[in-house]
Number of protein chains: 2
Amino acid sequence: METSEAVDDYLKAILELGGAEDSRVTTNALAERLGVRTPSVTGMLQKLASQHPALVRYERYRGVRLTANGKRRAWELVRHHRLIELFLHDVLKYSWDEVHEEAERLEHFISERFEDRVAAILGDPEVDPHGHAIPPKHEAGPYRAEVPLVAWPLHKPAVISSVSDRNAVALRELERLGLMPGVALTVEQSTPAAFAVRVQARSSPVRLGNDLAGYIQVAATDRRP
Amino acid sequence: METSEAVDDYLKAILELGGAEDSRVTTNALAERLGVRTPSVTGMLQKLASQHPALVRYERYRGVRLTANGKRRAWELVRHHRLIELFLHDVLKYSWDEVHEEAERLEHFISERFEDRVAAILGDPEVDPHGHAIPPKHEAGPYRAEVPLVAWPLHKPAVISSVSDRNAVALRELERLGLMPGVALTVEQSTPAAFAVRVQARSSPVRLGNDLAGYIQVAATDRRP
DNA sequence: CATATTGTTTAGTGTCAGCTAAATTTCTAG
DNA sequence: CTAGAAATTTAGCTGACACTAAACAATATG
Ligand SMILES: [Mn+2]
Ligand SMILES: [Mn+2]
Ligand SMILES: [Mn+2]
Ligand SMILES: [Mn+2]
């Protein structure tokens with residue numbers, strides 16, 4: 001039941017690419033995400049599928065999904081990752097664009113005890129610095145109701161729910177623009193050429209490239225106070 | 001100039017086995033310390049010696065010592081290890097017998113930034129939970145003047161300088177007996193059968209096995225106040 | 001529906017770091 | 001000073017996990 005760093009990375013990638021619907025993930029998508037070649041992916045998937053207990057269910061030419069065991073480990077890694085990010089940010093004073101890279105490495109190597117102690121001193125937190133939900137110990141999910149900002153209707157109030165943590169340059173830019181989780185806004189313009197949002201309680205609209213907007217996920221403003 | 005976890009472990013072991021005098025370390029000693037077989041050691045030493053830049057100087061049948069480059073990395077690992085131990089103890093509330101195992105893993109994977117931030121929140125500490133000196137950044141040593149308790153003369157005042165961190169059971173026992181760094185004592189009895197010390201400001205002497213005593217290093221009581 | 005394109009797998013290699021068995025060198029004791 | 005013991009190295013393998021080149025399947029398109 002021990003998993004190597006490489007196996008960990010595959011499991012987490014399958015979880016993330018499968019999304020809330022747990023769809024089948026293709027060899028190509030995995031190769032792309034992990035920065036390896038497709039034959040390496042095929043080889044690893046065959047291994048993970050034929051292990052006992054198997055970590056993935058794999059059908060030749062038809063993609064993979066995680067088994068219950070695979071899911072357990074993948075969610076544990078997500079919990080590690082997000083706890084570590086928050087810890088680096090809140091305790092070690094990392095900026096929010098610095099945490100991801102370090103968490104990506106350390107998530108594989110911390111013990112159960114480390115996980116528990118970090119959760120304890122952070123007060124069993126539920127959200128990481130980028131707005132992502134921290135799964136409770138031994139649990140999956142949750143998946144929050146959020147949609148890409150670029151798919152949000154014009155003028156409908158929204159709150160930034162989370163931002164992608166995978167691009168440090170984009171994160172610095174988003175912070176500079178004040179576009180962080182919890183910020184309320186409306187979409188003012190959405191064309192192939194440009195994208196603009198009006199941040200609630202701020203005068204002029206904020207213009208940003210579609211690429212940058214693509215890193216943002218939003219949700220409906222919660223009406224109940 | 002990147003080192004794998006395996007290479008790291010060899011370098012640190014050579015540093016530690018070489019001691020303050022930087023003596024040559026044998027293949028056998030390394031195999032023993034690292035829990036691998038001697039042919040594996042020979043193979044690794046040949047590789048480390050023929051790299052450019054070389055990390056060790058190696059003569060067939062005559063043992064190995066670190067080059068300047070090897071030393072630099074080895075001391076960096078020692079700094080990582082001891083900083084992490086102190087951090088786990090002081091911030092994450094690990095007990096002193098729990099820190100070593102976790103530090104042994106994490107020392108290889110933390111970034112420069114992590115090292116610096118941890119040192120900062122600990123206030124640039126100089127000693128780890130077991131009394132070992134934390135090397136300053138980019139520096140070697142220091143080696144403190146300390147000798148094994150079992151080699152200390154009877155009735156001569158001494159202070160516990162450090163204790164070995166490699167045996168969790170022994171550490172718990174030492175803590176129970178109040179034998180921790182900074183504690184002043186004298187040796188009352190030292191025979192093959194048993195060992196007893198009198199802890200300053202405590203009535204009855206403490207009896208302990210020679211094995212347990214073997215984990216303790218002491219130094220002369222500092223006269224200057 | 002046949003063929004071109006795309007996606008995936010198979011076959012064969014390489015590197016890292018471990019292992020056992022056997023050969024060789026060094027050390028030690030008589 | 002030499003035989004036997006101990007230490008070390010060499011030779012040859014193994015398991016992970018990458019890679020390239022080539023074969024094969026699935027799919028899209030004219
Ligand atoms: Mn992240
Ligand atoms: Mn990872
Ligand atoms: Mn230690
Ligand atoms: Mn180590």
Side-chain angles (χ1 to χ4, degrees), chain A residues 1-14 17-18 23-66 69-70 73-74 77 104-105 107-109, chain B residues 1-14 17-18 23-66 69-70 73-74 77 104-105 107-109:
Chain A
M1 266 289 187
E2 272 294 279
T3 50
S4 69
E5 187 176 0
V7 168
D8 278 357
D9 284 340
Y10 278 88
L11 296 177
K12 196 158 73 108
I14 296 167
L17 294 171
S23 358
R24 286 182 314 209
V25 176
T26 66
T27 301
N28 252 358
L30 280 170
E32 163 84 36
R33 161 72 65 124
L34 294 172
V36 299
R37 303 304 200 141
T38 52
S40 309
V41 174
T42 301
M44 180 62 92
L45 294 183
Q46 290 173 343
K47 195 184 73 170
L48 296 180
S50 59
Q51 259 175 207
H52 288 287
L55 294 170
V56 306
R57 192 138 325 167
Y58 167 64
E59 265 183 291
R60 242 152 114 260
Y61 293 105
R62 328 189 81 73
V64 267
R65 44 179 37 131
L66 297 171
N69 283 312
R73 177 59 180 165
L77 287 163
E104 194 66 19
R105 235 175 318 111
E107 63 186 12
H108 307 287
F109 305 113
Chain B
M1 266 292 186
E2 272 294 277
T3 49
S4 68
E5 188 178 359
V7 168
D8 278 357
D9 284 340
Y10 278 89
L11 296 177
K12 197 159 72 110
I14 295 167
L17 293 171
S23 358
R24 285 182 314 205
V25 176
T26 66
T27 301
N28 252 0
L30 280 169
E32 164 83 36
R33 161 73 65 124
L34 295 171
V36 300
R37 303 304 200 141
T38 53
S40 309
V41 174
T42 301
M44 179 63 92
L45 294 183
Q46 290 173 343
K47 195 183 75 171
L48 295 180
S50 58
Q51 259 175 207
H52 288 288
L55 294 170
V56 305
R57 192 138 326 171
Y58 167 65
E59 265 183 292
R60 243 152 113 259
Y61 294 105
R62 329 190 80 72
V64 73
R65 44 176 39 129
L66 296 172
N69 283 312
R73 177 59 181 165
L77 287 164
E104 195 67 20
R105 236 175 319 111
E107 65 187 11
H108 308 286
F109 305 111

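The shown structure was predicted, so the numbers you read here are calculated from the model rather than taken from an experiment. Below, chain A is the first sequence line, B the second, and so on; all start at residue 1.
Listed by chain and residue number, B/Glu21 satisfy the side-chain contact (heavy atoms from CB on, under 4.5 Å) test with B/Ser23 (two or more places apart in sequence, or in another chain). Residues satisfying the side-chain contact (heavy atoms from CB on, under 4.5 Å) criterion with B/Arg24, sequence neighbours excluded, are B/Arg62, B/Arg65.
With a 4.5 Å cut-off on side-chain heavy atoms, A/Leu55 and A/Thr3 count as touching. A/Leu66 places none of its side-chain heavy atoms less than 4.5 Å from the side chain of A/Arg73. Side-chain contact check for B/Val7 versus B/His108: every heavy-atom pair is 4.5 Å or farther apart. Under the 4.5 Å side-chain criterion, counting only non-hydrogen atoms from C-beta, A/Lys12 is in contact with A/Glu104.
Atom CD in B/Glu5 sits roughly 12 Å away from atom C1' in C/dA17 (whole-Å rounding). The nearest whole Å value for the distance from the CE atom in A/Met44 to the C1' atom in D/dC19 is 14 Å. Straight-line distance from the CZ atom of B/Arg37 to the C1' atom of D/dA7: 14 Å, rounded to whole Å. Between the CD atom of B/Glu2 and the P atom of C/dC16 there is a distance of 13 Å, rounded to whole Å. To the nearest angstrom, P of D/dG15 lies 17 Å from CG of A/Leu48.
For the helix from C/dC1-D/dG30 to C/dG30-D/dC1, the terminal axes (five pairs an end, C1' atoms, rotation from four pairs onto the next four) enclose an angle of 10°, given to 10 degrees.
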For residues 27-47 of chain B, tabulate all N or O donor-acceptor pairs below 3.5 Å that involve a side-chain atom, not counting sequence neighbours.
{"from": "B/Arg33", "atom 1": "NH1", "to": "B/Glu16", "atom 2": "OE1", "distance (Å)": "2.9"}
{"from": "B/Thr42", "atom 1": "OG1", "to": "B/Thr38", "atom 2": "O", "distance (Å)": "3.4"}

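Residue pairs meeting the side chain to side chain donor-acceptor pair (under 3.5 Å) criterion with at least one member in residues 48-60 of chain A: none, sequence neighbours excluded.
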Listed pairs, N/O of protein and of nucleotides 8-10 of chain C, under 3.5 Å:
{"from": "C/dT8", "atom 1": "OP2", "to": "A/Asn28", "atom 2": "N", "distance (Å)": "2.9"}
{"from": "C/dT8", "atom 1": "OP2", "to": "A/Asn28", "atom 2": "ND2", "distance (Å)": "3.4"}
{"from": "C/dT9", "atom 1": "OP1", "to": "A/Tyr58", "atom 2": "OH", "distance (Å)": "2.1"}
{"from": "C/dT9", "atom 1": "OP1", "to": "A/Tyr61", "atom 2": "N", "distance (Å)": "3.0"}
{"from": "C/dT9", "atom 1": "OP2", "to": "A/Thr27", "atom 2": "OG1", "distance (Å)": "2.8"}
{"from": "C/dT9", "atom 1": "OP2", "to": "A/Thr42", "atom 2": "OG1", "distance (Å)": "2.8"}
{"from": "C/dT9", "atom 1": "OP2", "to": "A/Tyr58", "atom 2": "OH", "distance (Å)": "3.3"}
{"from": "C/dT9", "atom 1": "O5'", "to": "A/Tyr58", "atom 2": "OH", "distance (Å)": "3.4"}
{"from": "C/dT10", "atom 1": "OP1", "to": "A/Arg60", "atom 2": "NE", "distance (Å)": "3.3"}
{"from": "C/dT10", "atom 1": "OP2", "to": "A/Gln46", "atom 2": "NE2", "distance (Å)": "2.4"}

